[in-house]
A.B. asks: 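Structure below; questions to follow.
These figures come from a predicted structure and were not determined experimentally.
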Amino acid sequence: MSSSRPSRRAVLAATAAVAAVSTVSLSGTAAQAASGAAAAPAYRWRTAVIGGTGFVTGVLFHPSVRGLAYARTDIGGAYRWDDRAARWTALTDHLGWDDWNLTGVEAIAVDPAHPDRVYLSLGTYAQSWAGNGAVLRSEDRGATWKRTDLTVKVGANEDGRGTGERLLVDPRDSDTLWLGTRHDGLLKSTDRGATWAPASTFPATPSASGQGVTLLVAAGRTVYAGWGDGDGKGTAGTANLYRTTDGTTWEAVPGQPVGATSAKVPIRAAYDKQTRDLYVTYGNTAGPNGQSDGSVHKLRTTTGSWTEVSPVKPGGTTADGSPDTFAYGGVAVDACRPGTLVVSTNNRWADIDTVFRSTNGGRTWTSLKDSAVFDVSETPFLNWAGDKPKFGWWIQALALDPHDSRHIVYGTGATLYGTRDLKHWAPQIRGLEETSVRQLISPPVGQAHLLSGLGDIGVMYHERLTASPARGMASNPVFGSATGLSQATAKPSYVVRTGFGDNGNGAFSNDGGRSWAPFAAQPGIAKDAPGPIATNADGSVLVWTFVHWDGTKYPAQRSTDNGATWSEVPSVPKGATPVADPADPTRFYAYDTDTGTLYASTDSGLTFTARASGLPSGDSQFELVAAPGRAGDLWLSTKGNGLHRSTDGGATFTKVASCRASHTLGFGRAAKGAAYPAIYMVGSTDTITAVHRSDDEARTWTRINDDAHQWGWTGEVITGDPRIHGRVYLGTNGRGIQYGDPV
């Protein structure tokens, strides 16, 4: 559920010093002046409520402050929990377009002695095409930040992202921080994260393909570091846990469990300061995918003795004979009750993951899944189209409130569940939205103001923007990621959608998206490569294109009987997104990004012919949009190549002079007295990529977001509301659907 834009990597040897660069954001007024856009009107930005939907990779309660906690996500930033308000507050929405790679949070650290201090390690990808990571540090619980740019990479959306916190305030000195990296060893800061340098005495050797440091945890005045051992799977019989007792020298922990035939990768660790026991969960890989073996071990730090305390050993069989393979993920101790702790399984698909609880130091365990009662009425999509909610999957984030022994929170691939009595569970997710948004439609009439096509959770019908859609995910069939969403402009009750699913990859609705029925038939390639779809203005013709996840493109297909039969349209460029003319049902368009050629059909999609050529090419994310209510009025966003417009059905295009770059574009209700719809764009008029609105047919633009509301990468989709002038809906890659209204 992520998107990426390549950027240049600075190559760094593991022993090189890490540069510190503090940045200062422009104020809203200064940024607007720099962008060349008109002064922004006051806008109120909110998040359309769905409820999580992404992988929450870590939850951290503050040990000293009741009701204060932080959460991190793999692509959607960090959050602070307010227990009195029972909701999360986003902390990293200020990250802008150029910092898209910093929206993934790999680690959080808090200072037990200074409750207002919090630190984040940022960086979504550690690949060669991604930028380097950064550390944010705050003295006011994340209300404001100072930033240090690193010269190493961070991988919050890569394998191992659910392991322990790789960032730690040293228990001896609040000015000293430790930062574990994937490929560059252990780093140390002595000035509260302002500058960093390699911890030269750390003995493990980093690998370019490994997991590196998987966790950092304090046990009294001792700091422990887990090690992913090179290739991310480890090598049997080698050390995987190190410690320092003086903050300078490091050693392998004596007697630690090592795999005889398979590796043990430390996943997470928790210290019971009352019994002085350190608990460590292990897997045969870092996860969250691919784990098939694991264990839980306890180190009595006063004696150095190790004991395995695994609740259940992987490798058995379930009741139906399926292999019961899994690893262990999260672990948390009860600060109020000595010897009480919880651990989670991970990647246990056959018998379903669970959280185990022990009150006697791991001698005996109770599975909390066995007595769990779920209430997901606040986020109905968790019913997965009518099925009862399962306990969860990808459970690596697990936290126990240090001030309330019965308050446990755990993360899954879709939400956070919490309990206050160890039995009744409900999503503890208000304010946390992590959806990757692919398509948006704001209907001109009807109950819903918004339909959305999303990564991982298909299509939703938003009766209200302030509550999770009452019908949850669109069913019949259920999709994972949506790939297409289209509404007949002259018959808005008719909507079609496409996406990845096991029981069909296309569906239609005759009630504006409230209910759905699958196409009676679909092309054979649809299951593996469901691409975008378009319906013409009156809903009588469908054109569906097909793109495999690996980029392979296939011929388009056409249906004139609502998906009962399909025929190939060889004249459509393979993989091109079809666009229907909103005023003329005989017209379709498609833009060939490989050649920079616009293709058009005037016979209801039966044949397509080339029209304008020589336009920008080479990027599959170029976007063609038709202006509502007008025949042949086309707008082409070509990223840094600017915005182009045709008023003759694609025969010719003219570059729009007011726009330097355009990434995505949409339309909404016209301003009072204006003859043309309002235009909304993510792009730049000069230097800054931002959200803009034009009320005069793109002659001038006004920036409508500000420096506090940027959300990283926002180039996928934008649309205005045809019923409310000024309202705009914006898709993000990990912060859900943002919508803005003039104040």
Side-chain angles (χ1 to χ4, degrees), residues 1-7 9 52-60 70-79 88 90-95 99-109 118-137 142 145 147-168 179-184 187 193 209-216 226 228 232 267-268 286-289 329-330 346 394 396-397 411-414 416 432-436 455-456 711-713 732-736:
M1 194 171 79
S2 59
S3 182
S4 60
R5 296 184 293 123
S7 63
R9 176 182 181 179
T53 75
F55 187 25
V56 180
T57 51
V59 177
L60 183 63
Y70 296 91
R72 59 180 167 96
T73 66
D74 52 2
I75 64 171
Y79 294 80
W88 298 94
L91 301 179
T92 51
D93 283 353
H94 66 283
L95 294 170
D99 290 324
W100 67 271
N101 191 50
L102 300 183
T103 57
V105 182
E106 190 166 64
I108 303 173
V118 60
Y119 303 87
L120 304 177
S121 172
L122 307 180
T124 311
Y125 300 103
Q127 305 303 311
S128 60
W129 42 260
N132 294 324
V135 170
L136 295 186
R137 56 197 193 277
W145 298 96
R147 169 172 158 180
T148 295
D149 288 328
L150 303 172
T151 53
V152 302
K153 295 185 179 296
V154 176
N157 193 35
E158 300 195 347
D159 284 345
R161 58 194 182 275
T163 60
E165 303 304 329
R166 292 174 165 96
L167 186 61
L168 181 72
L179 175 61
T181 74
R182 291 170 176 262
H183 310 309
D184 298 277
L187 308 180
S209 60
Q211 287 290 330
V213 178
T214 60
L215 65 88
L216 291 165
I267 305 301
R268 287 179 174 264
N289 292 298
N346 188 66
W394 283 10
Q396 293 187 297
T412 76
L416 278 171
L432 197 160
E433 301 288 348
E434 203 196 348
T435 316
S436 177
D456 291 350
W711 315 287
W713 192 74
T732 73
N733 184 46
R735 274 290 286 126

A.B. asks: To the closest 0.5 Å, what do you measure between CD (Gln211) and CZ (Arg161)?
C.D. replies: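 So the CD of Gln211 and the CZ of Arg161 are separated by 10.5 Å.
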
A.B. asks: Using 0.5 Å steps for rounding, measure from the OG1 atom of Thr732 to the CH2 atom of Trp713.
C.D. replies: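 Answer for the OG1-CH2 pair, Thr732 versus Trp713, is 10.0 Å.
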
A.B. asks: Using only atom types and a distance under 3.5 Å, with no angle test, would you say the side chain of Arg182 pairs donor to acceptor with the backbone of Ala126?
C.D. replies: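 No, Arg182 side chain to Ala126 backbone: no donor-acceptor pair under 3.5 Å.
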
A.B. asks: Do you know the tightest heavy-atom contact between Ala286 and Gly160?
C.D. replies: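 Smallest heavy-atom distance, with atoms named: CB-CA, 3.7 Å.
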
A.B. asks: Measuring from Thr73:OG1 to Leu416:CG, what's the distance to the nearest 0.5 Å?
C.D. replies: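 It comes to 10.0 Å.
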
A.B. asks: Kindly say whether Gly162 contributes a backbone atom to a donor-acceptor pair with the side chain of Thr57 at under 3.5 angstrom?
C.D. replies: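 Side chain of Thr57 to backbone of Gly162, a donor-acceptor pair under 3.5 Å: no, none is there.
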
A.B. asks: Among residues at least two apart in sequence or on other chains, which ones pass salt bridge (charged side-chain N to carboxylate O under 4.0 Å, His left out) with Glu158?
C.D. replies: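 By the salt bridge (charged side-chain N to carboxylate O under 4.0 Å, His left out) rule, Glu158 matches no residue at all.
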
A.B. asks: Keeping the roles fixed (side chain from Tyr70, backbone from Gly58), state whether a donor-acceptor pair exists under 3.5 Å.
C.D. replies: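 Checking the backbone N and O of Gly58 against the side chain of Tyr70, no donor-acceptor pair under 3.5 Å is found.
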
A.B. asks: Determine yes or no for a side-chain-to-main-chain donor-acceptor pair under 3.5 angstrom, with Ser121 supplying the side chain and Ala107 the backbone.
C.D. replies: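 No.
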
A.B. asks: Could you measure the distance from the CG atom of Leu102 to the CG atom of Leu122? Nearest 0.5 Å is fine.
C.D. replies: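 Rounded to the nearest 0.5 Å, the CG-CG separation comes to 5.5 Å.
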
A.B. asks: Give, for atom OG1 of Thr124 and atom CD of Glu106, the distance between the pair rounded to the nearest 0.5 Å.
C.D. replies: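 With rounding to 0.5 Å, OG1 (Thr124) is 10.0 Å from CD (Glu106).
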
A.B. asks: Using a distance-only test with no angle check, is there a side-chain donor-acceptor pair under 3.5 angstrom linking Arg735 and Thr103?
C.D. replies: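 Checked: Arg735/Thr103 side chains show no N/O donor-acceptor pair below 3.5 Å.
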
A.B. asks: Okay, side chain of Thr163, backbone of Thr214: is any donor-acceptor separation there less than 3.5 Å?
C.D. replies: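 Flag set: sc Thr163 to bb Thr214 pair under 3.5 Å.
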
A.B. asks: Look at the aromatic rings of Trp88 and Tyr79 and report parallel, tilted or perpendicular, splitting at 30° and 60°.
C.D. replies: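 Because their plane-to-plane angle is over 60°, the rings of Trp88 and Tyr79 count as perpendicular.
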
A.B. asks: Given 3.5 Å as the limit, does a donor-acceptor pair link the side chain of Glu434 with the main chain of Phe55, or not?
C.D. replies: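 Such a contact is found between Glu434 side chain and Phe55 backbone.
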
A.B. asks: Asp159: which residues meet the salt bridge (charged side-chain N to carboxylate O under 4.0 Å, His left out) condition with it, sequence neighbours left out?
C.D. replies: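 With sequence neighbours excluded, Asp159 shows a salt bridge (charged side-chain N to carboxylate O under 4.0 Å, His left out) to no residue whatsoever.
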
